[in-house]
Amino acid sequence: MKPVWRWLVAVLLLAATPAFAHLTPNSAIELDFRSADVLAKIRIPQSEIGYALGKPLLSAAELQTHFRASAPDGRAWSVTIPAPHLDRSQGQADLVTTAILTPPPGAPLRRLSLHYDAIIDRLSSHIVLIFARSDFAGGVLESKPAMIGALRQGATDVSIDRGAGSGWRGFGAALKLGMRHIAEGADHLLFLFTLLLPAPLLAAGGRWRDAAGARTTFRHLVSIITAFTIGHSVTLIGGAFFGWQLPARPVEVGIAVSILISAIHAFRPLFPGKEAFIAAGFGLIHGLAFATVIGNFALEPLAKAQAILGFNLGIELVQVALAALVVPLLLWLARRPVYQGVRMTGAALAGLAALYWIWARI
Amino acid sequence: MIRPPIPRPGPIMPGGAPQTAQEAITQFTKYGDDWQGIADDRGNDPMALETVANARLGVARLTGDYAGYAQAEAALAQAFALSPAGSGPHHSKAGLELALHRLSGADAALAAITRYAVPDAPAQQAEQEAMRGDLRFYRGDNRGAMGRYKLALQLGGGPSSLCRISLLQWRVGETENALRSLEKCEAAPRVRTPQFAASIEMQRGIIELGRGDWPLATKHFAAADRIFPGDWRVSLKRAFMQAAGGDTAGAAKALEALDVPGQRPEVADSLANLYRLTGDGARSRQWADKASAIWKARLAQFPEATWGHARDHELAFGDRRAALAYAQADARNRPHGEALIGLARAWIANDRADLAIAVLDKARASGWRSVELERVSADALALAGRGDAAEAAREAALDMDPRAFDPARGFIWNDH
């Protein structure tokens, strides 16, 4: 899969529970390890409930009898199961609820045993997969949940030891996630660098003409990068904290359009001297895509703030590192006749890539 | 590379060959009965009995009724009893043994042919070479199989060899080559019987289904049904596509129409699966029980031909330990990719992801490439805690088939 699609698909699948290639549908429990409790999102295929029990649904009280958690010393955790609802987001009807598991006083939060036997007590062919979806303190923030184990008839208990946790580990994971996101998300970088292409030049008469001075160019470049950072940071925070969001597809198309406009601008000046505003404006759209990544981890406010900080810092680190490579080259090339060709070729390639992405994402 | 154009396929015979599956069954049955009469009259005619066997085999293939295989086997046994030592219907015997997955029996029959004083006709020699290729294929020697198929082609094997080459190319992940070989296969005969033309469409549909193009697969299955109506295997695929497309009630009706009591456990399993996926436990169990009874009978009668099916039945509706036993027997008998993937599933179901990974590696080492291989690898690797490798396998599956993990795929029973 192409890197850019990897991320689009990853974003779309963030809320998806991995299905098994098993011949029949499986249940899944996704765990979110938080600062004072553990959330357990239980997903049971409705068809398997019908097959096993001869009725379409399971109540919270029934589920309660199948789900237990205990501390290493044997004391029971409190397990609160809200009423389940039907969810069809994964192409089939699933019964879904999110249980809240709270340890007894003094018991470790990151070491517990789970017992679960709904459906598998009746069906030997049914499998329940256990995943760690998010464990901020454990440094786990992945687009795809990590499998902890599988339960089936005769093996209905799993011991979980997440090791020591700290806010720093979560921050580090978010930083890495941000770095990987921007490094693999070619479209974000292409937008920025296409916008930087004409930055060393002055526009006159509807065309890009002479090279600006080094100091002016440098200031110009820094303002574009900074504006992009501000733009995407605003919507990243808004998206993650206040739920600002748009469906993934228009956001992804918007990102491709931003590249196309930058490419046209690199070819012929559309908004000379105002690149920073454009960078900030389109940065808002790019930020919405970033926010989807963080917003799906069901993090608590403090962890979310740390995650946003780390994620954004990761993005900036890669952005600055690449800018440090590209900017001197631009400054050096801009004074040479060959630069017109470089700019035109770069603009054409970026434009073609953008058109392809627009076509592929619509 | 510029490839030579493939000629257009010849016309489909409008007469002179059965136009529907029912017509073919009737003709084969009558042909078999007539030759049985001749054999009975003559009393000692092995060739007449061989013809009976081939006719019964033809009926078995078209109806899914294993009684036909038993009758073919009996006719051949009688023919051998009447033949002088070292001679007899070895060619037909090899074909039957292969159909029943009895590789050593096919080996022995083909070996006997090499000791003939007078060689068989070139067309038969080509088919024998192709059967030697089949033996290599089922033993996991894909390269050796290809060598034999090409040799068969040189000997004048024609469509039969080209179709085998296509199947092998598909199994080693060369989908485009497989489709091209299928096109060549289709163009090889001067005129095509409806049954042959439909089988090409069916195989095209299976290939397209394997790479996630469900609408195109549906079209090919419909074309197969139009060209040679009434083939239950085609109807089964069409019902799967109907269910995967959301019309589960219509698919259930279509599948129930295919049921023949005491036969076609594949249909019973498909119905059990469909009803399970629609949450109707009572009906699902009813059909699973019917399938189970037929598989049990077949396990007693033709175990080699049944192990793979019984494995999948047990994995979904029965006992995972029994599934493992069948999977092991099948993989020992035919250690090719499909059986190894089935064994890996059974190991996973029996909490041995490590052993599943080992057999999947063996399948991969043989050159086998399929969505199913990657899908099951993803499961085994994830259970073994190798998240990154599992993710890579998952992506490989999605690269081959964007719908590799689509829940609707569950309606396509035995899609491997």
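As a basis for the values below, the full set of heavy atoms in this structure was taken, side chains included, without hydrogen atoms, waters or symmetry mates. Every value quoted in this text rests on a predicted model; they were computed, and no experiment measured them. Protein chains get the first letters and strands the later ones, always in sequence-line order, with residue 1 at the start of each.
Heavy atoms closer than 4.5 Å to chain A are found nowhere in B:Asp406, neither backbone nor side chain. Contacts of B:Glu391 with chain A are made by side-chain atoms alone, with heavy-atom separations under 4.5 Å and no backbone atom involved. Within the 4.5 angstrom heavy-atom criterion, no atom of A:Leu53 approaches chain B. Proximity to chain A is limited to the side chain of B:Arg320, based on heavy atoms less than 4.5 angstrom apart.
A search for side-chain contact (heavy atoms from CB on, under 4.5 Å) contacts involving A:Ala60 returns A:Ile81, A:Pro84, not counting sequence neighbours. Here A:Ser59 pairs with A:Ala61, A:Glu62 under the side-chain contact (heavy atoms from CB on, under 4.5 Å) rule; sequence neighbours left out.
Counting non-hydrogen atoms of neighbouring residues, nucleotides and ligands closer than 6.0 angstrom, the CG atom of B:Asp388 reaches no more than 12 such neighbours. Within a 6.0 Å radius of CZ in A:Arg68, other residues, nucleotides and ligands contribute 12 heavy atoms or fewer.
Checked against the 6.0 Å centroid threshold, A:His181 and A:His188 count as a close aromatic pair.
No donor-acceptor pair under 3.5 Å is formed between the side chain of A:Asp117 and the backbone N or O of A:Ile120. Without hydrogens or angle criteria, B:Thr248 side chain to B:Leu274 main chain gives no donor-acceptor distance under 3.5 Å. When atom types are taken as modelled, the side chain of B:Asn333 and the backbone of B:His101 share a donor-acceptor pair closer than 3.5 angstrom. Remark: the backbone N or O of B:Ala327 is not paired with any side-chain donor or acceptor of B:Arg345 at under 3.5 angstrom. A distance-only check finds no donor-acceptor pair linking the side chain of B:Arg264 to the backbone of B:Ala291 [under 3.5 Å].
For the set A:Glu48, A:Gln153, A:Lys55, the count of heavy-atom pairs under 4.5 angstrom toward chain B peaks at A:Glu48. Among A:Pro56, A:Ser47, A:Ala155, the residue making the largest number of heavy-atom pairs under 4.5 Å with chain B is A:Ser47.
Residues of residues 353-368 of chain B placed with any heavy atom under 4.5 Å of a heavy atom in chain A are absent; none qualify. Within residues 282-289 of chain B, the residues approaching chain A closer than 4.5 Å by heavy atoms are, in numerical order, B:Ser284, B:Arg285.
Note that B:Arg238 lies outside the cation-pi zone of B:Phe221, set by a 6.0 Å cut-off to the ring centre and a 45° limit from the axis.
Between B:Leu236 and B:Ser270, some side-chain heavy-atom pair lies under the 4.5 Å cut-off.
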